[in-house]
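Throughout, protein chains are lettered first and strands after them, A, B, ... in sequence-line order, and every chain is numbered starting at 1. The basis for the numbers below is simple: all heavy atoms, side chains too, and nothing from hydrogens, waters or symmetry mates. In this text, all values refer to a predicted model and were calculated from it rather than measured experimentally.
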Amino acid sequence: MLQIYNSYSKHKEVFKSIEPNKVRMYVCGITVYDLCHLGHARMFVVFDVVFRYLQRLGYDVTYIRNITDIDDKIIKRAAENGEDYFVLTQRYIDLMHKDCRALGVLPPTVEPKATENIDEIIRMVSTLIEKGYAYQAQNGDVYYRVKRFESYGGLSGRNIDELRAGERVDIDEHKEDPLDFVLWKAAKPGEPTWASPWGEGRPGWHIECSAMSTRFLGNHFDIHGGGMDLQFPHHENEIAQSEACTGEPYVNYWIHNGFIRMDGEKMSKSLGNFFTVQDVMKRFRPEEIRFFILSSHYRSPLNYTDANLQNARSSLSRLYTALRGWERVDSQALFDESPIVAYTERFETAMNDDFNTPEAFAVLFDMATEINRHRDENPEYAQNMAHALRENATVLGLLQEDAEVYLHSAPAKLEGDQLERDEIEALITERSKARQTKNWAESDRIRDYLKEQGVVLEDSGENTIWRRE
RNA sequence: GGCGCGGUGGCAGAGUGGUUAUGCAGCGGACUGCAACUCCGUAUACGCCGGUUCGAUUCCGACCCGCGCCUCCA
């Protein structure tokens, strides 16, 4: 039975979907004005695993992940570049998709954009005004009237008075209340705009998610996710907008992923201490990055260090090594037999506990040990265990590559020369000849040379296999 | 200041009121021409102080330290 930590209740709760066998899930994607950094990657990967695991449990999942393609930062960046905002956003959307593909992130069911849902946004703002939850101010902006929404603060655990007393609320003379937030921004010269009942303008940030989630998932849906930093005010505001608009509960389970850290601090754009996914992929395989992300629980902070990425490399190498030689055979004779099923049950128990991927990893490693242990003496069992290992890893989006291909692949986009496969194999042949004549000096010379080139040899009897490290 | 999260062995990272997490690294052994891979074995642990308990790393309280949100941010 799946349990999910609900950020709203601050407890783990048994997951029960609104409709039997169906899950409707919305996740806040990114604002597309720059390259994805590791923090974005964590969000993509974490919710990809949620998506995959819900499907594994047999749910028909509708997964919506939006793209924010109009906002202040986009407009500013486009102006700096002297290009149209939609040229800028399209470029970064393409790059985001490229990063996601590399990281093994499955496409969501629908990936809506703010600018393609302006009608829905306008409709929602209109309803909020009609119901007295919103008002147009002197400056033309439309604001949400926070004090009208009684349960405001429920998600982030704060109340309106505390927020008002907070030091960082900036006073805006146009707002009735400093906590009110913008739903529709009146046009400023030179900005992209859309026509609306309140004049030319563009949507505020929070409203797009309310509008798009409602459009694609209905008024009330199962899961809403995003980064921890979106809990307040973004998600709090979404609840206020949607529930005020529809009069129905908005979301049953809120899931928030933790941050990536650099030297103990949150990795973020504003602090400037971030690595882009592309930066890291110059030195590590995308799968190593994915492994690194899933090696800690999704709600915990995750420290970015070279050592941790190296650790992911070694660990993944161990798993692929166990899979080597058991490639994609359909035989399932033993797959359903109890010793193997027991591991899969342990794996699911781990995942059922709020997507405990580190615990799930432990099971995968135990399976790997089991394969290695029985490789020679009971190959049929090992084969089926390998099959089961791969099946379980699929839920994490890992170990999908052919083991031999993975282990032969370059772990980094090295500058300079890298030995080609043919050269490596020629050297191995040469070394084998030396070994046959017990010319150990020559044999070791070749092995040392390859080692310097990042190629490790493994002898087993007459055969020698290799991998890159 | 308000709200919240966390401090686990050399590193990373789960978990539990009494029994091996797991991975990497270390040590010993097997395998090997030597290695690598693999297997077997093994050491190192639960921030500090009290309390509850037969027994606490695990529950409760205080304290120290770190982090996050309160402002755009995954």
### Query
Can you find a side chain N or O atom of S300(A) that sits less than 4.0 Å from OP1 or OP2 on A14(B)?
yes

### Query
Within the structure shown, what part of the strands sits under 4.0 Å from R158(A) by heavy-atom distance: base, sugar-phosphate, or nothing?
base

### Query
Does a side-chain heavy-atom distance below 4.5 Å link Y143(A) with H174(A)?
yes

### Query
When we call it a touch if two heavy atoms are under 4.0 Å apart, what does G258(A) touch: a base, just sugar-phosphate, or nothing?
base

### Query
Any side-chain N or O of R318(A) under 4.0 Å from OP1/OP2 of C39(B)?
yes

### W205(A) side chain near C73(B) phosphate (N/O to OP1/OP2, under 4.0 Å)
yes

### Query
Of all the nucleotides listed (A74(B), A14(B), A36(B)), which has the minimum atom distance to the side chain of I30(A)?
A74(B)

### Query
Does OP1 or OP2 of C39(B) have a side-chain N or O of N372(A) closer than 4.0 Å?
yes

### Query
When you compare G26(B) with U58(B), how far apart are their P atoms, in angstrom units rounded to a whole number?
32 Å

### Task
Using a 4.0 Å heavy-atom cut-off across all strands, classify F259(A) as base, sugar-phosphate, or nothing.
base

### Query
Between G23(B), G33(B), A36(B), which one does the side chain of E458(A) approach most closely?
A36(B)

### Summary
Rounded to whole Å, NE2 of H256(A) lies from P of C70(B) at a distance of 12 Å

### Message
A side-chain contact here means heavy atoms from C-beta on lying under 4.5 Å apart; do Q278(A) and L95(A) qualify?
### Response
yes

### Message
Give the residues of residues 439-449 of chain A touching RNA chain B, defined as any heavy atom closer than 4.0 Å, sorted by residue number.
### Response
W440(A), S443(A), D444(A), R447(A)

### Query
For L106(A) and R52(A), what are the C-alpha separation, side-chain angles and deciding distance, and is it a side chain to side chain contact (heavy atoms under 4.5 Å, CB included)?
CA-CA 8 Å; L106(A) 299 173; R52(A) 286 166 183 261; 3.5 Å; yes

### Task
Go through the steps to decide whether H387(A) and W326(A) satisfy the test ring-ring contact (aromatic ring centres under 6.0 Å, His included), and finish with yes or no.
CA-CA 8 Å; H387(A) 180 76; W326(A) 310 118; over 10 Å; no

### Query
Does R375(A) make a side-chain N or O approach to OP1 or OP2 of C39(B) shorter than 4.0 Å?
no

### Message
If you take any heavy atom closer than 4.0 Å to RNA chain B, which residues from residues 266-277 of chain A end up in contact?
### Response
K266(A), M267(A), S268(A), S270(A)

### Task
For the residue pair M96(A) and I30(A), establish whether any side-chain heavy-atom pair is separated by less than 4.5 Å.
yes

### Task
Name the nucleic acid region contacted by R299(A), choosing base, sugar-phosphate or nothing; use a 4.0 angstrom heavy-atom cut-off, strictly under.
nothing

### Query
Of the candidate nucleotides G23(B), C34(B), A14(B), which contains the atom at the shortest distance from the side chain of P358(A)?
A14(B)

### Query
Say you pick atom C1' in C63(B) and the same atom in G7(B); how far apart are they, in whole Å?
14 Å

### Task
Would you classify T369(A) as touching base, sugar-phosphate or nothing, given that sugar-phosphate means primed atoms plus P, OP1 and OP2, and contacts are heavy atoms under 4.0 Å?
sugar-phosphate

### Task
With P as the reference atom in both, quote the distance from A45(B) to C11(B) in angstrom, rounded to an integer.
12 Å

## Note on the structure
Read 5' to 3' with Watson-Crick or G-U pairs under 3.5 Å, [ ] for crossing pairs and | for partners on another strand, RNA chain B gives (((((((..(((.....[...))).(((((.......)))))....(.(((..]....))).))))))))....

### Task
Identify, between S156(A) and G264(A), the residue whose nearest nucleotide on RNA chain B lies closer to the 5' end.
S156(A)

### Task
With P as the reference atom in both, quote the distance from U20(B) to U42(B) in angstrom, rounded to an integer.
11 Å

#### Entry: First encountered from the 5' end of RNA chain B, between D229(A) and N308(A)
N308(A)

### Gap in Å between the two P atoms, one belonging to U57(B) and one to C46(B), rounded
8 Å

### Summary
Winner on side-chain proximity to F232(A), out of C69(B), A14(B), G33(B), is C69(B)

### Query
Can a cation-pi geometry be assigned to K266(A) and F274(A), taking NZ or CZ under 6.0 Å from the six-membered ring centre and within 45° of the ring axis?
no

### Query
Can you tell me how far P of U38(B) sits from CG of D459(A), to the nearest Å?
15 Å

### Query
Stepwise, does the side chain to side chain donor-acceptor pair (under 3.5 Å) test hold for D306(A) with Q310(A)?
CA-CA 6 Å; D306(A) 260 34; Q310(A) 287 291 349; 5.5 Å; no

### Task
Could you label the plane-to-plane angle of the Y304(A) and F292(A) rings as parallel, tilted or perpendicular, counting under 30° as parallel and over 60° as perpendicular?
perpendicular

### Message
Tell me the interatomic distance from K10(A), atom NZ, to G6(B), atom P, rounded to whole angstroms.
### Response
12 Å

### Query
Nearest-Å distance, CE (M228(A)) to P (G68(B))?
13 Å

### Task
Provide, to the nearest angstrom, the distance between the CG atom belonging to L396(A) and the C1' atom belonging to U22(B).
14 Å

### Message
Using side-chain heavy atoms (C-beta onward) and a distance below 4.5 Å, is K269(A) in contact with Y33(A)?
### Response
yes

#### Entry: Pairwise C1' distance, C24(B) and A62(B) [rounded to whole Å]
38 Å

### Task
With heavy atoms under 4.0 Å as the rule, sort H234(A) into base, sugar-phosphate or nothing.
nothing

### Query
If you measure from the P atom in G2(B) to the same atom in A14(B), how many Å do you get, rounded?
30 Å

### Query
In whole Å, what is the span from the CD atom of E377(A) to the P atom of C31(B)?
18 Å

### R202(A)/D72(A) salt bridge by N-O under 4.0 Å criterion
yes

### Message
Just the rounded figure in Å: distance from C1' of C3(B) to NE2 of H235(A).
### Response
18 Å

### Summary
In Y152(A), W254(A), Y26(A), Y250(A), the residue satisfying ring-ring contact (aromatic ring centres under 6.0 Å, His included) with H235(A) is W254(A)

### Message
Is any side-chain heavy atom of Q418(A) closer than 4.5 Å to one of Q453(A)?
### Response
no

### Query
Which of these, L302(A), V49(A), I289(A), sits in a side-chain contact (heavy atoms from CB on, under 4.5 Å) with L294(A)?
V49(A)

### Query
Is the Y53(A) ring parallel, tilted or perpendicular to the F355(A) ring (thresholds 30°, 60°)?
perpendicular

### Whole-Å P distance, G4(B) and G10(B)
33 Å

### Query
What does N311(A) touch in the nucleic acid at a heavy-atom separation under 4.0 angstrom: a base, only the sugar-phosphate, or nothing?
base

### Query
Between G15(B) atom P and R346(A) atom CZ, what is the distance in whole Å?
14 Å

### Query
Is D263(A) atom CG crowded by more than 12 heavy atoms from other residues, nucleotides or ligands, each under 6.0 Å away?
no

### Task
Select base, sugar-phosphate, or nothing to describe what G226(A) touches, counting heavy atoms under 4.0 Å on all strands.
sugar-phosphate

